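The structure appears below as structure tokens.
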Amino acid sequence: MQLIFEKSVPGRAGVMLPGADVPDALEIPADCLRAADAELCELSELDVVRHFTGLSRLNFGVDTGFYPLGSCTMKYNPKILERIARLEGFSDLHPFLPQLRHGGMLVQGALHIMHELERLLCEIFGMSAFTLHPMAGAHGELTGMMMVAAFHRDRGEKRTEVVIADEAHGTNPASAALAGYSVVAAPTDPDTGMLDADRLAGIVSPRTAAVMLTNPNTLGIFNSRIRDVVEIAHRNGALVYYDGANLNAVLGKFRPGDAGIDVMHVNLHKTFATPHGGGGPGAGPVGVRKDLEPFLPVSRVEKRHDNTYFLEYDFPKSIGYIAPFYGNFGVCLKAYAYILLLGAEGLVETSENAVLNANYLMSRLKNIFELPVKSACMHEFVLSARKQAENGVRALDIAKALIDEGFHPPTVYFPLIVKEALMIEPTETESKETLDAFASAMRRIADLAVTDPERLRQAPSTTPVSRPDEVKAVKDMNFRA
Ligand SMILES: *Cc1c(COP(=O)(O)O)cnc(C)c1O
């Protein structure tokens, strides 16, 4: 791949300006003039168009191919939602506009949507109130943990630990630690793939501020003993935090609030219309049960009797601001439109198809790669390339070989409790043909792991750069090499 500067040809131009036919109006002092020409590339317009169009075609996205990146829910999101988020009435709003001005209702529509989305999230997940402010799942976790701390402080209790399942996403312990807690890991039962409720009972204590639970968890397993987990926590005066990154599996089937969950976040940029993994923006609204409402961040959208809305800041027990202004409004807007577009039945169907697709693909792959947890999965499943690793082919090699097959690799080496993990989430928007094509590619790769392992270790061969040294790429960034 040539850089655009390497394609430059001296004297070639993309524009042709006529020479000036009037005298220079301004005498520019000599010491302000550059001595040498600027080092710009010299190309025709067509050269430039081809260069950047070519680069854009090296991108991989849901619009170009299958993207089974586990735990990220890389589904197709209808384009109409992007269109809605770009409507001028929303995209041109300024956060300093007055909430209600005589003769002008500039932000009432936006406030209405924020209020309605909070209400819908409460209904879908069985919580008492939501804040839309957190700008990512991890940010939601931190917000939740800060509220847990405020809750215990308010009751005059000093608790120092947060108990977290050992399969959890790394952001869980990071958020608990940032909120001032030490982290205690709770083991997953290797056979069932579920948090071991019996062993949890011996870990949770009066020192525990909260238990953090992901359900379905990162192995794609729904914890059928979630009520026991909640009971163990509550018996010890601890709260239960629910990591809602995997809610794409349970819409309309299970509500965390009904299981007694105290605090939760939803990754709007996984389940509701904004793709994950693009580096943002995202949104991680946090929901709480009734007695945690006073601790929610400010501001909060309130509705007056005359059906107008306003932002209220007067909550003395609030944890305060956790984001500038009101969160990522555009992402919330897309989520709101998506929920209305699909309706209650559509959301249920979304989860049913996500689970069906995952189980179909799992059944096609379980005889090719090792499947550590054998039970039916929810929206995703985790394979292990342990057998292949014995032959010198690691999960990373399989992921890279998939690129040559035209697929985005799955998540690898996560969750940490599975050796050589390949975490696959097909999502509800993929067809049977696509899933079959992926399964065939995985079979070809598994065969190569036996007959020609070296070829897999060299993959990918179809990309301009094969295998960058990922650590060096971060520590010693050089975009020109
Ligand atoms: C994605 C994810 C998170 C974090 O969400 P971000 O928006 O990326 O910060 C937390 N937990 C799980 C299980 C996830 O999959």
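Quick note: numbers below take in every heavy atom, side chains included, and nothing from hydrogens, waters or symmetry partners. Numbers for residues simply follow the sequence, beginning at 1. All values reported here derive from a predicted model rather than from experimental measurement. One-based numbering, in listed order, for ligands and for the atoms of each.
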By salt bridge (Lys or Arg N to Asp or Glu O under 4.0 Å), E433 pairs with (sequence neighbours left out) none
If only atom types and distance count, is the side chain of S384 paired as donor or acceptor with the main-chain N or O of K419 below 3.5 Å?
-> yes
Looking only at atom types and distance, does a side-chain atom of E425 sit under 3.5 Å from a main-chain N or O of E380, one as donor and one as acceptor?
-> no
Can you pull the side chain to side chain donor-acceptor pair (under 3.5 Å) pairs that have at least one residue in residues 198-210, sequence neighbours excluded?
-> E161-R207, D198-R225
Taken in chain and number order and not counting sequence neighbours, the residues that satisfy ring-ring contact (aromatic ring centres under 6.0 Å, His included) with F254 are F222
Could you tell me whether R443 atom CZ has more than 12 heavy atoms of other residues or ligands within 6.0 Å of it?
-> no
Mind jotting down which protein residues get a heavy-atom contact under 4.0 Å with ligand 1? Chain and number order, please.
-> S71, A136, G137, A138, E141, H169, T171, T214, D243, A245, N267, H269, K270, H276
